[in-house]
Amino acid sequence: MAIKHFLQFSDFTLDEFEYVIERSRIIKRKFKNYEPYHPLLDRTLVMVFEKNSTRTRLSFEAGMHQLGGAAIYLNTRDSQLGRGEPVEDAAQVMSRMCDIIMIRTFGQEIIDRFAAHSRVPVINGLTNEHHPCQVLADIFTYIEHRGSIAGKTVAWIGDANNMLYSWLQAADVFGFHVNVSTPKGYEIDQQLVSATNNRYTVFADPSAACEGANLVTTDVWTSMGYEEENAARLKAFDGWIVDGAKMKRAKPDALFMHCLPAHRGEEVAAEVIDGPQSVVWDEAENRLHVQKALLEYLVLGRLNH
């Protein structure tokens, strides 16, 4: 049987996502009720970090422990993917010593090459091009608060980054629409979007992109690895802050999301992220629950309890 990986959002079908979301609900309920649940007893997750992380490490490590397994953390100093050792060789060795691997790295091609030579499932904990675990958590959060996301409108305000590319793939799978507003020079790279994906509309005006949206979401203006561009980005993104005026253009019951960390006063106003429409803390917590469901599914397959 072919090994199942989760390297980008389009790797799963709608049916698979609906299963994982239902498992996330069940696993979250058990967690809240202090019910011990250890389906991954004696299983090991290896986490390889070439990019720093707070939420990704904490959610995967805590999640694996809560499922009864063990998590081993390797950072760039401990594992030189593609530098000290070919990616393909690292994959062969690591995958013989554990049950599942999560990688947070730079280029998507690194994780693709690793997965092609791994004997166990590989999860993308973030690459330059995709962040599928975060968008899965975001969709689960939306469903918890508002029900089905099918047919809804998500407004993306900011640059075309890994979050947006995962949102665009998710729109294709779940059947919702994305209104995209990026500053000039930070537009979508068409090579990273399926030619058949017609689930998005590009807006020059970020306020117009928020019109009638069910969910408004953004990210920091300067992603990890682009710090030297910070001054230029601050200038280019002038006007792209998600503030109260933009939220008023969205539907009255619209939610606000941000994958964090956030810079109040840059990409989002304090009145929005700390306001009643914000679900950022639920969204952050839900990384734990959806990733536990993902770990369970990739290691054990479908369960019926």
Side-chain angles (χ1 to χ4, degrees), residues 9 55 131-184 186-188 193 197 199-223 233-234 236-287:
F9 207 91
R55 281 155 293 277
H131 199 358
C133 291
Q134 180 65 58
V135 172
L136 179 56
D138 294 358
I139 288 170
F140 177 63
T141 306
Y142 185 87
I143 291 168
E144 271 192 324
H145 283 267
R146 296 287 184 264
S148 173
I149 197 168
K152 301 297 194 292
T153 299
V154 175
W156 174 266
I157 310 300
D159 68 336
N161 66 3
N162 49 13
M163 282 293 297
L164 174 59
Y165 295 118
S166 288
W167 270 115
L168 294 178
Q169 289 189 353
D172 222 14
V173 175
F174 279 88
F176 59 88
H177 198 83
V178 185
N179 289 351
V180 180
S181 184
T182 62
K184 200 168 170 51
Y186 299 91
E187 296 95 344
I188 291 170
V193 183
N197 189 333
R199 293 274 176 189
Y200 67 97
T201 307
V202 174
F203 290 79
D205 175 6
S207 294
C210 295
E211 190 69 49
N214 303 93
L215 167 61
V216 180
T217 184
T218 188
D219 197 357
V220 293
W221 288 343
T222 306
S223 296
R233 282 172 173 263
L234 285 177
F237 284 71
D238 184 36
W240 263 261
I241 184 172
V242 177
D243 54 16
K246 288 186 183 67
M247 290 303 295
K248 281 189 174 68
R249 299 281 292 267
K251 285 203 156 58
D253 67 343
L255 300 176
F256 172 77
M257 291 189 193
H258 190 306
C259 62
L260 304 177
H263 298 141
R264 289 166 177 78
E266 284 187 18
E267 75 276 3
V268 61
E271 63 175 333
V272 173
I273 194 168
D274 300 319
Q277 289 171 283
S278 173
V279 291
V280 297
W281 314 121
D282 290 346
E283 179 191 1
E285 179 194 331
N286 281 337
R287 282 287 294 280

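The structure displayed is predicted, hence computed values, not measured ones.
Side-chain contact annotation: Glu267 with His258, donor-acceptor N/O pair under 3.5 Å present.
The closest side-chain heavy-atom distance from Ile188 to Tyr165 is below 4.5 Å. Here the side chains of Ile273 and Phe256 are in contact, with some heavy-atom distance below 4.5 Å. A 4.5 Å side-chain heavy-atom check between Trp221 and Leu234 finds at least one atom pair inside the cut-off. Using a 4.5 Å cut-off on side-chain heavy atoms (C-beta onward), Asp243 and Glu271 make contact. Between Trp167 and Thr217, some side-chain heavy-atom pair lies under the 4.5 Å cut-off. Taking 4.5 Å as the limit, some side-chain heavy atom of Asp274 sits within range of a side-chain heavy atom of Arg264. Proximity of Ile241 to Lys246: side-chain heavy atoms (C-beta onward) are separated by under 4.5 Å at one or more points. Contact check for Cys210 versus Met247: no side-chain heavy atoms found under the 4.5 Å cut-off.
If you take CD on Glu285 and CZ on Phe140, they are separated by 9.0 Å, rounding to the nearest 0.5 Å. To the nearest 0.5 Å, atom NZ of residue Lys251 and atom CD of residue Gln277 are 13.0 Å apart. Going from atom CG of Asp282 over to atom NE2 of His145 covers 4.0 Å, rounded to the nearest 0.5 Å. Taking CG of Asn286 as the start and OH of Tyr142 as the end, the distance is 15.0 Å to the nearest 0.5 Å. One finds the CE atom of Met163 at 5.0 Å from the CD atom of Gln134 (value rounded to the nearest 0.5 Å). The CZ atom of Arg287 sits 10.5 Å away from the OG1 atom of Thr141 when rounded to the nearest 0.5 Å.
Judged as a salt bridge (Lys or Arg N to Asp or Glu O under 4.0 Å), and not counting sequence neighbours, the contacts of Asp159 are Arg233. Phe174 is linked by a ring pair (Phe, Tyr, Trp, His ring centres under 6.0 Å) to Phe17, counting only residues two or more places apart in sequence or in another chain. Checked against salt bridge (Lys or Arg N to Asp or Glu O under 4.0 Å), Glu266 has no partners two or more places apart in sequence or in another chain. With sequence neighbours excluded, the residues forming a salt bridge (Lys or Arg N to Asp or Glu O under 4.0 Å) with Asp253 are Arg146, listed by chain and number. Residues passing the salt bridge (Lys or Arg N to Asp or Glu O under 4.0 Å) test with Glu211, sequence neighbours excluded: Arg249. Remark: Tyr200 engages no residue in a ring pair (Phe, Tyr, Trp, His ring centres under 6.0 Å) (not counting sequence neighbours).
For the side-chain contact (heavy atoms from CB on, under 4.5 Å) criterion with Val216, the lone passing option out of Val242, Val154, Val268 is Val242. Just one residue in the list Ile139, Asp138, Asn214 forms a side-chain contact (heavy atoms from CB on, under 4.5 Å) with Ile149, and that residue is Ile139.
When ring centroids are compared, Phe237 and Tyr186 come within the 6.0 Å threshold.
Listed here is the closest heavy atom pair of Val272 and Ser278: O-CB, 3.3 Å. The minimum heavy-atom distance linking Thr182 with Gly158 is given by the pair CG2-O, 2.9 Å. Residues Trp240 and Ala204 share a closest heavy-atom pair of CZ2-O, 3.5 Å. When all heavy atoms are compared, the tightest approach of Ala213 to Ala250 is O-CB, 3.5 Å. Looking at every heavy atom in both residues, Ser166 comes nearest to Pro132 through OG-N, 3.5 Å.
A donor-acceptor pair is defined here as one N or O able to donate and one able to accept, closer than 3.5 Å; such a pair exists between the side chain of Thr218 and the backbone of Ile157. In terms of modelled atom types and a separation under 3.5 Å, the side chain of Ser181 and the main chain of Phe203 share a donor-acceptor contact.
Surrounding CG of Asp238 are at most 12 heavy atoms belonging to other residues, nucleotides or ligands under 6.0 Å away.
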